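This report concerns only the one structure given below.
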Amino acid sequence: MMSDIKEILLTEEQIQAKVKELAEQISRDYRRKNPVLVGVLNGAFVFLADLMRHLDLDCTVDFVAWSSYGKDTSSTGVFRIMKDLETNVESKHVLIVEDIIDTGLTLHYLLDTIRARKPASARVAALLDKPSRRRIEANADYLGFQIPDAFVIGYGLDFAQRYRNLPFIGILKPEIYAGRGTPPDELEE
Ligand code: IMP
């Protein structure tokens, strides 16, 4: 796998230090609020697992999985829920945990869906943000790193379901996705 990596963008040490820092901030802000952490499958499960272990809070965890209709999702923003929350979030403090904000469409519609359920609050923790790719307003209240417009893998993020287990965030060599017919930034989860 290492031979597929062009560049390490964020090392394991950088990620772990940042996750701890975010957890400390979240622990301070959510004291006595018993938040529901909502992990967005699949990519966010590694970040969520590390983040929650640093939280000095009484919290619960739930997951949503989104899928797109057709391959035009990034332009149409049409999503369907593959796995909904088990938790009734009405009057609860919800913290959505996302791996990366790219066009912003996933987060925008997820926030709309959650807010329609009348939570006490709804905020977002995202490890990575590619602001230059944004198509719709979507921002993280707790952000790990802003990164340039590159397709990244590792620490939960995949290309064709691979590389999620890498402990760092890296950029793939272009020849890995060349010849597959679809550049990675047009692939959907
Ligand atoms: P958005 O709806 O365009 O903001 O995309 C968000 C989702 O696209 C993320 O949760 C990821 O699953 C996926 N994604 C976006 N950029 C990357 C990337 O660079 N590597 C891996 N997955 C990505």
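Since the structure is predicted, the reported quantities are computational estimates derived from the model, not experimental observations. Just follow the structure's listing: the first ligand is 1, and inside any ligand the first atom is 1.
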Only distances under 3.5 Å count here; give the side-chain donor-acceptor pairs of residues 45-57 to other protein atoms, sequence neighbours excluded, each with its distance to 0.1 Å.
unit_1	atom_1	unit_2	atom_2	d
Asp50	OD1	Arg53	NH2	2.8
Asp50	OD2	Gln16	NE2	3.0
Asp50	OD2	Tyr155	OH	2.7
Arg53	NE	Ala49	O	2.9

When the side chains of residues 137-146 are checked against the rest of the protein, which donor-acceptor pairs come out under 3.5 Å, sequence neighbours left out?
unit_1	atom_1	unit_2	atom_2	d
Asp141	OD2	Val124	N	2.8
Tyr142	OH	Asp29	OD2	2.6
Tyr142	OH	Arg123	NH1	2.8

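Under a 4.0 Å N-O distance rule, the pair Asp58/Arg32 does not qualify as a salt bridge. Using a cutoff of 4.0 Å between basic side-chain nitrogens and carboxylate oxygens, Arg162 and Asp4 are scored as salt-bridged.
Met82 and Phe63 sit in two unconnected hydrophobic clusters of ILVMFWY residues. Membership requires side-chain heavy atoms under 4.5 Å apart, directly or through other members.
The contact set between ligand 1 and Ala150, taken as ligand atoms under 4.0 Å from a residue heavy atom, comprises 19 (O). Less than 4.0 angstrom separates some heavy atom of Glu98 from each of these atoms of ligand 1: 10 (O). Set against the non-hydrogen atoms of Asp158, the atoms of ligand 1 under 4.0 Å away are 21 (C).
Of the candidates Arg135, Lys130, His108, the one placing a heavy atom closest to atom 16 (N) of ligand 1 is Lys130. Of the candidates Asp99, Thr106, Val152, the one placing a heavy atom closest to atom 21 (C) of ligand 1 is Val152.
Distances shorter than 4.0 angstrom do not occur between any heavy atom of Ile153 and any atom of ligand 1. Heavy atoms of Gly104 approach ligand 1 to within less than 4.0 angstrom. Distances shorter than 4.0 angstrom occur between a heavy atom of Leu157 and an atom of ligand 1.
Under the 3.5 Å distance criterion, with hydrogens and angles disregarded, no donor-acceptor pair is assigned to the side chains of Ser132 and Asp149.
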